[in-house]
Amino acid sequence: MDPLEKFEHQVRDAVKIAFERLGTDVPFDIEVPSTGIADFAVPCFPLAKVLRKAPPIIAEDAAAKLPPMDLVSRSWAERGYLNFQVDDRQLSMATLGAIFDMKSNYGRGKVSGTRVLLEHTSVNPTGPIHVGRARNPIIGDTLARCMRAYGYDVTTEYYVNDVGKQVVLLTWGLENIPADKLSPVDRDKADHRLVVYYQRANRMMEDDPEVARQVGHMLRRFEDGDKEVMAKVRRTAKLMLEGIIESLASINVVIDQFTWESGFIEDGSARTVVERLTRSEHCGQDQGACYLELKPFGIHGKETRFFFTRADGTTLYTTRDMAYHLDKFSRADRTINILGEDQKLGQAQLAIALRLLGQERVPECVFYSFVSLPEGRMSTRKGTVVYLDDLIEEAEERALEEVRKRRTDLPGDRMLEIARAIGRGAVRYNIVRVQPEKPLVFKWEDALNFEGNSAPFVQYAHARACSIQRKAGAARGEIDPSVLTNEYELKLIRVLARYPSVVRESGEKQRIQALPAYGHEVAAAFNQFYTYVPVLKGEESREARLALVDATRIVLANVLTTLGLSAPEEM
RNA sequence: GCACACGUGGCCUAGCCUGGAUAUGGCGGCAGCCUCCUAAGCUGCAAGCCGAGGGUUCGAAUCCCUCCGUGUGCGCCA
């Protein structure tokens, strides 16, 4: 339930009537002025041509022809715009009414029943997640939450890459490298314990042709479908995955399902894709390897051929990915992939190939730019990586310092709990607040920012609201919103009223960065209210103000939850 | 070379899809605010040819074209 809806409808109806009285029925826009000059505005410029009059005159004329509106307190013409200010009392009642009716559901859209399969993360199980890759689960999980809030039936999925040289190499390393030849493990966690084998195996393969031969042999057995090798590799991937899942859990990312790449080899569906593609008129062969010529489909570059088998007939990653997408289409109405920008060409090729298979559906993709370090690109080999686990640990430690400074009264475990909420939240918030397609340079000072536009800023406002409520004691009876008349109260109410439209923006249009921005706006409006308007000593306004605090608390909690952040009751 | 993205005060960023009033916030800087609900807060000040140039339009940060800069891709890798 959107409290602003009925106001906008009334404005629209009234403007339609006014324009008709001026002799036109051209469609018009209603906008929300960014300057805050009015609640709604209708630009009259497009009518100038039709009515052969200057826009300011049209606005004046139309303003004079507006029918009476009970939800609007003021309407006026200004610089070619028709402006409207909604009635404060009506708005307060509608907004607080909607929030108290819906509580934790305030802002949610209608349940649509549309099944969405959202694939995200899907990092190769060869090492711990580093902050470059961490953009993926954070964007994916936040988008999933936003879409659920808007009413979609969302399932998240991780596509586990347990096929190919990387995991085979890691598996070889686990079997053949004695523990005493390894560099020390920096963290007692499955992925960190295993990655040293991967790094070591990589070096050994480069230096020693015999190792390369052994790994090559293992890979061939794997691709021939050797059950023993496949099971071994899968076990390795599973082990690594445990560590990755643990890291994800620490930033509140939970994945609903895991699909294993090797499954598409086992069940023959990758093979079926090959057979069907081979029948395409665009299919060609180069020394036994099959490809599609994609030049006619707008693919540019040095290589326009899209290979889907090797010379020995075995399938490639993209072939299996096609089988995976056909499987996804059978399970959901919409499929969304969160991918790094390096996947763009691959996805374009995939989309064309799927169409050649007769598929009308194509996956929707959200691409994000890479996170780099000030000194350049992250690379596991060069050791220029920051692991997500290290970032989280650092964030929590920094947060704990801050909590200790402020709250000497709390027991240690409570401090730790709050520090966790803050540290982890700060990490997520700082990733989602910028558009995915913008490049991101990782800087500790930004990632650990606890003030201004940050998660702790929003969480702090929530904690303040809770604190007032704790001190207020028993709940009130009926409240009269018409006593909420000062500028801080009204500003806050106007912000709270917009939440449903922000959920629509982030969930339907997939612009998740709108949500943290809105959270900041609510918190800022509340902090101003908090500074200048006494609540507990609010005398005859006390009950109404307590209701406003409660409404704000509900909205802040809803925003935080949808962002995957916790809403601490004290900080 | 070709393709795709990004370029907004010293730094980071919203707005771009769907053109409209004075371009959104934050960090940093400067100056203030705690006998009163948690100062992770609040107030004020300084700081912008919205990468450059052209076009479309009554009107362009927003749409189109060219150029410059940065990133990414163009494997019988995954």
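All heavy atoms count here, side chains included; hydrogens, waters and symmetry mates do not. Because the structure is predicted, anything quoted here is derived from the model rather than measured. First the proteins, then the strands, lettered A, B, ... as listed; each starts at 1.
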key: B:G75 and B:C16, which share atom name P, separated by this distance in whole Å   = 36 Å
inquiry  = I'd like the P distance from B:G55 over to B:G59, given in whole Å.
reply    = 12 Å
message = Give me the distance, rounded to whole Å, that separates B:C42 from B:C36 when you measure between the C1' atoms they each carry.
response = 15 Å
inquiry  = Please give the distance between the C1' atoms of B:G28 and B:G10 as a whole number of Å.
reply    = 8 Å
message = So that I can tick it off, tell me whether A:E157 and A:K328 are bridged by a salt bridge, with the cut-off set at under 4.0 angstrom between side-chain N and carboxylate O.
response = no
key: Side chain of A:E437 (C-beta onward), nearest among B:C6, B:C4, B:U22   = B:C6
query = Taking only N and O in the side chain of A:Q513, is any of them less than 4.0 Å away from OP1 or OP2 of B:G15?
reply = yes
ask   = How close or far is atom P of B:C76 from atom CZ of A:F307, stated in whole angstroms?
value = 5 Å
key: Any strand: nucleotide that pairs with B:G10 via Watson-Crick or wobble, under 3.5 Å   = B:C27
ask   = Using the C1' atom in both, what is the distance from B:G29 to B:U22, to the nearest Å?
value = 25 Å
request  = Select base, sugar-phosphate, or nothing to describe what A:A472 touches, counting heavy atoms under 4.0 Å on all strands.
outcome  = nothing
inquiry  = Both conditions, 6.0 Å and 45 degrees, for the charged tip of A:R545 above the ring of A:F529: are they met here?
reply    = no
remark   = Here the distance between atom P of B:A14 and atom CZ of A:R433, to the nearest Å, is 8 Å
query = Counting only heavy atoms not in A:E569, do more than 12 sit closer than 6.0 Å to its CD atom?
reply = no
message = For the residue pair A:R464 and A:Y530, would you count it as a cation-pi contact if the rule is NZ or CZ under 6.0 angstrom from the ring centre and within 45 degrees of the ring axis?
response = yes
query = For B:C16, does OP1 or OP2 lie under 4.0 Å from any side-chain N or O of A:Q435?
reply = no
key: Selection from B:G28, B:A78, B:C4 that lies nearest to any side-chain heavy atom of A:L316   = B:A78
key: B:C37 OP1/OP2 closer than 4.0 Å to side-chain N/O of A:K537   = no
request  = State which of B:A39, B:A78, B:U22 makes the closest approach to the side chain of A:T35.
outcome  = B:U22
query = Is any side-chain N or O of A:R310 closer than 4.0 Å to OP1 or OP2 of B:A78?
reply = yes
query = Paired with B:U62 by Watson-Crick or G-U wobble geometry, both distances under 3.5 Å: which nucleotide is it?
reply = none
task = Using a 4.0 Å heavy-atom cut-off across all strands, classify A:D286 as base, sugar-phosphate, or nothing.
result = base
task = Measure from the side chain of A:F450, starting at C-beta and using heavy atoms only, and say which of B:A39, B:A40, B:G75 lies closest.
result = B:A40
ask   = Of the nucleotides B:A40, B:C76, B:C37, which one has an atom closest to the side chain of A:A289?
value = B:C76
Electrostatic pair A:D409:A:R407 at N-O distance under 4.0 angstrom = yes
request  = Give the nucleotide from the list B:G7, B:C37, B:C16 with an atom nearest to the side chain of A:K438.
outcome  = B:G7
Just the table, please: protein N/O against nucleotides 59-68 of chain B N/O, every pair under 3.5 Å.
none

ask   = When all nucleic acid strands are considered with a 4.0 Å heavy-atom cut-off, which category describes A:Q287: base, sugar-phosphate, or nothing?
value = base
ask   = Taking NZ, NE, NH1 and NH2 as the nitrogens, is one of them in A:R305 or A:E293 under 4.0 Å from a carboxylate oxygen of the other?
value = no
task = Measure from NZ on A:K53 to P on B:C58 and round the result to the nearest Å.
result = 20 Å
ask   = Taking 4.0 angstrom as the limit, do A:D162 and A:K238 come out as a salt bridge?
value = no
message = Measuring only the C1' atom in each nucleotide, how far is B:C76 from B:U13? A whole number of Å is fine.
response = 44 Å
message = By nearest atom, which of the nucleotides B:C12, B:A21, B:A40 is closest to the A:I422 side chain?
response = B:A40
ask   = What interatomic distance, in whole Å, is found between C1' of B:C34 and the corresponding atom of B:U43?
value = 14 Å
inquiry  = Taking 4.0 Å as the cut-off, does a side-chain nitrogen or oxygen of A:R511 come that near to OP1 or OP2 on B:A14?
reply    = no
What pairs of nitrogen or oxygen atoms, one from the protein and one from nucleotides 43-47 of chain B, lie under 3.5 Å apart?
from: B:U43; atom 1: OP1; to: A:Q528; atom 2: NE2; distance (Å): 2.7

request  = Measure from CG on A:N527 to C1' on B:G25 and round the result to the nearest Å.
outcome  = 14 Å
task = Any strand is fair game: report the nucleotide pairing with B:G41 by Watson-Crick or G-U wobble, both distances under 3.5 Å, or none.
result = B:C33
Pairing partner of B:G1 (Watson-Crick or G-U wobble, both distances under 3.5 Å) = B:C74
query = Using a cut-off of less than 4.0 Å, is there contact between a side-chain N or O of A:R542 and OP1 or OP2 of B:C37?
reply = no
note = Testing B:G26, B:C76, B:A40 for proximity to the side chain of A:N449, the answer is B:G26
request  = Determine: side-chain N/O of A:R320 to OP1/OP2 of B:A78, distance under 4.0 Å, yes or no.
outcome  = yes
Short N-O contact, A:K405 and A:E402, less than 4.0 angstrom = yes
message = Distance check, C1' atoms only: B:A52 and B:C6, in whole angstrom units.
response = 16 Å
inquiry  = Check this for me: does any side-chain nitrogen of one of A:R398 and A:E401 sit under 4.0 Å from a carboxylate oxygen of the other?
reply    = no
ask   = Rounded to the nearest Å, what distance is computed from the CZ atom of residue A:R398 to the C1' atom of nucleotide B:A40?
value = 14 Å
task = Rounded off to whole Å, could you give me the CZ-to-P distance for the A:F457 and B:A39 pair?
result = 13 Å
query = Starting at the 5' end of RNA chain B and moving along, which residue's nearest nucleotide shows up first, A:D29 or A:E402?
reply = A:D29
task = Any chance you could lay out the side-chain hydrogen bond (donor to acceptor under 3.5 Å, both in side chains) test for A:N136 and A:Y368, step after step, and finish with the verdict?
result = CA-CA 8 Å; A:N136 196 319; A:Y368 59 91; 3.2 Å; yes
inquiry  = When you measure from the side-chain N and O atoms of A:R305 to the phosphate of B:G75, is any distance below 4.0 Å, counting only OP1 and OP2?
reply    = no
message = Any N or O donor-acceptor pair under 3.5 Å from the base of B:A14 to the side chain of A:N453?
response = no
ask   = Is the cationic atom of A:R498 (NZ for Lys, CZ for Arg) positioned less than 6.0 Å from the six-membered ring centroid of A:Y518 and within 45 degrees of its normal?
value = no
query = Which nucleotide sits closest to the side chain of A:P456: B:A40, B:A3, B:C76?
reply = B:A40
ask   = Would you call A:R553 and A:D550 a salt bridge, using N to O less than 4.0 angstrom?
value = yes
ask   = In terms of the nearest nucleotide of RNA chain B, which residue is placed more toward the 5' end: A:L440 or A:G164?
value = A:L440
query = So which nucleotide from B:A78, B:G25, B:G73 ends up closest to the side chain of A:Y317?
reply = B:A78
ask   = Tell me: OH of A:Y429 to C1' of B:C12, nearest whole Å?
value = 13 Å
task = Answer yes or no: side-chain N or O of A:K509 and base N or O of B:U18 forming a donor-acceptor pair under 3.5 Å.
result = yes
query = For the ring pair A:H520 and A:F457, is the centre-to-centre distance below 6.0 Å?
reply = yes
Interatomic distance, A:E341 CD vs B:C74 P [rounded to whole Å] = 12 Å
request  = Return the minimal non-hydrogen interatomic distance between A:F367 and A:P436, and the atom names on each side.
outcome  = O-CB, 3.8 Å
ask   = Where does B:C34 fall, syn or anti, if syn means a chi angle no more than 90° from 0?
value = syn
